[in-house]
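In what follows, chains are A, B, ... by sequence order, proteins preceding strands, each numbered from 1.
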Amino acid sequence: MEDLISVYDTLTRTQREFQPRDPGRVTIYVCGVTPYDEAHIGHARPAVVWDVIRRYLEYRGYSVHLVQNFTDIDDKVIARGRELGRDPLEISRHYSQRYLEDMAALGVKPAHQYPRVSEHIPEIVEMVRTLVEKGHAYEASGDVYFRVASFPEYGKLSGRSVDELRAGARVEPGEAKESPEDFALWKAARPGEPSWPSPWGPGRPGWHIECSAMALRYLGNGFDMHGGGVELIFPHHENEIAQSEAYTGEAPFVRYWVHNGLVTLREEKMSKSLKNFVTVRELLDRYPAGAIRLYLLSAHYRVPLEFDTERLDEARRAWERLGNALRSLDEVLEREVAAGDEALAAAARLGEEAGRARERFRMAMEDDFNTPQALAALFDLARAGNTAVSLLLRGGPLSLSGDARDGLLRARTALAELGGVLGVVESPCTPSGGAAARFVHGSDQAQGGEDAAVERVGGGVGTGGWDALGRELLGVLLDLRARARGEKNWALADLIRGRLGELGITLEDTPLGTRWRLPGGEGGIR
RNA sequence: GGCGACGUAGCCAAGUGGCAAGGCAGGGGUCUGCAAAACCCCGAUUCCCCGGUUCGAAUCCGGGCGUCGCCUCCA
């Protein structure tokens, strides 16, 4: 890996060359969710962004260790539990499970660990105790506060001065802080709230300490990247730095701070409190996962992203375009097409196009994970592939030459592989010979699938009722329609196409046969 | 009020000193029984406005206008 990846680091406010703590290995901690309600697209953005960063690093040969926490005990969870008359931990367990399901449906590869606050109380207590011993924290009537004045570098991440903060800080009634800017590391238990024993009496962790404790526990001091939304820069991440560096006595706690922009709705931040959120489930109901991902990746991760169903619709069309291109390449590769010289030349040239796309993709991703540019490289490759395919299907005296086959294969592999890094292109020929592939090939042909490395991402959307029987029945209808077309019974052929269309199944007649496609992207040709 | 980000074609969005990527939408053409998909052609003499630096700026500097985020729980 001669070429270095560069990453924008919030702390230094510059884009820096990425050098991991340990060569070849990347450690990442991403602030996860507080599971007290359904996940919305505001949660989906960082999940997908980090999934892509992780996949890209893996694609580049790094071994990645990704940790994402669940803040399973805090004010919001407790409030929700009280509202519903249920155990807060039960609430958070439920919603964290839903979150994991939603993210899996979006094609997000699971993190290596999902630590929960409630399962790391001893680490947190130990850390707080040490901070008290070192004079960085103090106890006040069962609460423990971080003494901001003891950490001169406080404010370095968010660019604030303690004086500034003091002006705006609020002091809750009943708090016994030395200084308004001090923040809670440990909160004394209040009646009816979950609590754990500690040297300061029963209580629970403050909001910021858990991430420090768990990140240090799983990744060690000075790990590589810490992620989260920009709204966490202050106070959450600022406080994390203070606690962690005061605790270890060493800087930096984190090598690169990476923050994603927020999803806005009608120019307003989407959030639970504003009640203007759209859940991931609602979205997955209407759009294929790949389309949602493409939408989320259509803007650079640091800029605000406006939620808009029109843009989701656009993303779906764009996503279909990539899938169609891959499918077309596979279709001509799977058959001996007759082709003329011009077409063969175009196909052979695809080898270079694929190489160019790989290079552009790489340069884009190296430049602070510039996914819009990476996508542009994919679209250009798709166009080149489509051009070659359309020329090939025009027919001619020759069959596919070796060069042409090679070019097609390279293009198809690059498209699947790079699209796989972003999770926006699925390979219809899965290595295991998925249902779609089996249907395409029938029982008498071998699987294609040269490029077995690409994982299947997402899918399944809108295909809930799609089973073996459905597939067989579709086959029957397609055969019937083919016969009708052979007899020039256009009325019947169009009826079948129309009715299937109402079910979301698209039919397209091509020189190679009738191509069918489900809303979720699965498809084939018969 | 303080801190920060942004303002590029109808819409979305890259591009941070040298002739403005890509997607969607739209128009014309090819292919098709029709359709769809796909391909080919067409779109910003110009990048919010005004100054300045430079041989040269969307890109740098200054000012203005506008939008958003953080400063309080929030992905």
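Salt bridge A:D37/A:K76: absent, no basic N to carboxylate O contact under 4.0 Å. Ion pairing between A:R485 and A:D509 holds under the 4.0 Å rule for side-chain N and carboxylate O.
Nucleotide B:G43: unpaired (no Watson-Crick or G-U wobble partner with both distances less than 3.5 Å). Base pairing annotation: B:G22 forms a Watson-Crick or G-U wobble pair with B:C12, both donor-acceptor distances under 3.5 Å. Nucleotide B:U67 is matched to B:A5 when pairs are restricted to Watson-Crick or G-U wobble geometry with both distances under 3.5 angstrom. Using Watson-Crick or G-U wobble geometry with both donor-acceptor distances under 3.5 Å, B:U32 finds no partner in any strand shown. Summarising the base pairing, B:U53 is matched to no nucleotide, lacking a Watson-Crick or G-U wobble pair whose two defining distances lie under 3.5 Å.
With rounding to whole Å, A:N69 atom CG is found 11 Å from B:A75 atom C1'. Straight-line distance from the NE2 atom of A:H236 to the P atom of B:G69: 21 Å, rounded to whole Å. Between A:H259 atom NE2 and B:C68 atom C1' there is a gap of 18 Å when expressed in whole angstrom units. If you measure from atom CD1 of A:I78 to atom C1' of B:C73, you get 13 Å, rounded to the nearest angstrom. Distance, A:R360 CZ to B:G23 P: 10 Å, rounded to whole Å. In this structure, A:L157 places its CG atom 14 Å from C1' of B:C71, rounding to the nearest Å. Atom CZ in A:R13 sits about 11 Å away from atom C1' in B:C70, given to the nearest Å. As rounded to whole Å, 18 Å separates atom P of B:A21 from atom CG of A:L378.
Residues satisfying the ring-ring contact (aromatic ring centres under 6.0 Å, His included) criterion with A:Y295, sequence neighbours excluded, are absent altogether. When the side-chain contact (heavy atoms from CB on, under 4.5 Å) test is applied to A:D224, the partners found at least two apart in sequence or on another chain are A:F18, A:P20, A:R21, A:V26, A:T27, A:R255. Residues satisfying the side-chain hydrogen bond (donor to acceptor under 3.5 Å, both in side chains) test with A:Y56, not counting sequence neighbours, are A:R60.
Outside the 6.0 Å centre-distance limit, the rings of A:Y36 and A:Y95 are not counted as a close aromatic pair. Checked against the 6.0 Å centroid criterion, the rings of A:Y256 and A:H226 do not qualify as a close aromatic pair. Taking the six-membered ring for Trp and the full ring otherwise, the centers of A:H237 and A:H259 sit less than 6.0 Å from each other.
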### Task
Let me have a per-nucleotide readout for nucleotides 28-39 of chain B, 5' to 3', with B, S or -, counting only protein heavy atoms under 4.0 Å.
-----BBBBSSS
### Query
Just by protein heavy atoms under 4.0 Å, how would nucleotides 7-20 of chain B read 5' to 3' in B, S and -?
----BSSSS-----
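Spacing of P atoms, B:A44 relative to B:C31, comes out at 29 Å, to the nearest Å. B:C55 sits 15 Å from B:C19 when the C1' atoms are compared, rounded to a whole Å. As rounded to the nearest Å, B:G22 and B:A5 have C1' atoms that lie 24 Å from one another. B:G10 and B:C71 have their C1' atoms separated by 38 Å, with the value rounded to a whole Å. Comparing the same atom, C1', in B:U32 and in B:G15 gives a spacing of 39 Å after rounding to whole Å. Comparing B:U72 with B:G64, their C1' atoms are spaced 32 Å from each other, to the whole Å. B:G43 and B:A20: their P atoms are spaced 13 Å apart (whole Å). Nucleotides B:C50 and B:G7 are separated by 16 Å at their C1' atoms, to the nearest Å.
Position along RNA chain B of the nearest nucleotide to A:I233 versus A:A377 favours A:A377 as the more 5'-ward residue.
For residues 376-386 of chain A, the set of pairs meeting the side chain to side chain donor-acceptor pair (under 3.5 Å) definition, not counting sequence neighbours, comprises A:R360-A:D380.
Closest to the side chain of A:C31, out of B:G69, B:C70, B:A75, is B:A75. Each of B:C24, B:A75, B:G2 was ranked by its minimum atom distance to the side chain of A:R160; first place goes to B:G2.
Using a 4.0 Å heavy-atom distance criterion, A:G32 is classed as a sugar-phosphate-only contact. Using a 4.0 Å heavy-atom distance criterion, A:K76 is classed as a sugar-phosphate-only contact.
Stacking of A:R302 on the aromatic ring of A:Y8 is recorded, both the 6.0 Å distance cut-off and the 45° axial limit being met.
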### Message
Between A:N69 and A:Y29, does the side chain to side chain donor-acceptor pair (under 3.5 Å) criterion hold? Intermediate values first, please.
### Response
CA-CA 8 Å; A:N69 69 292; A:Y29 185 94; 3.3 Å; yes
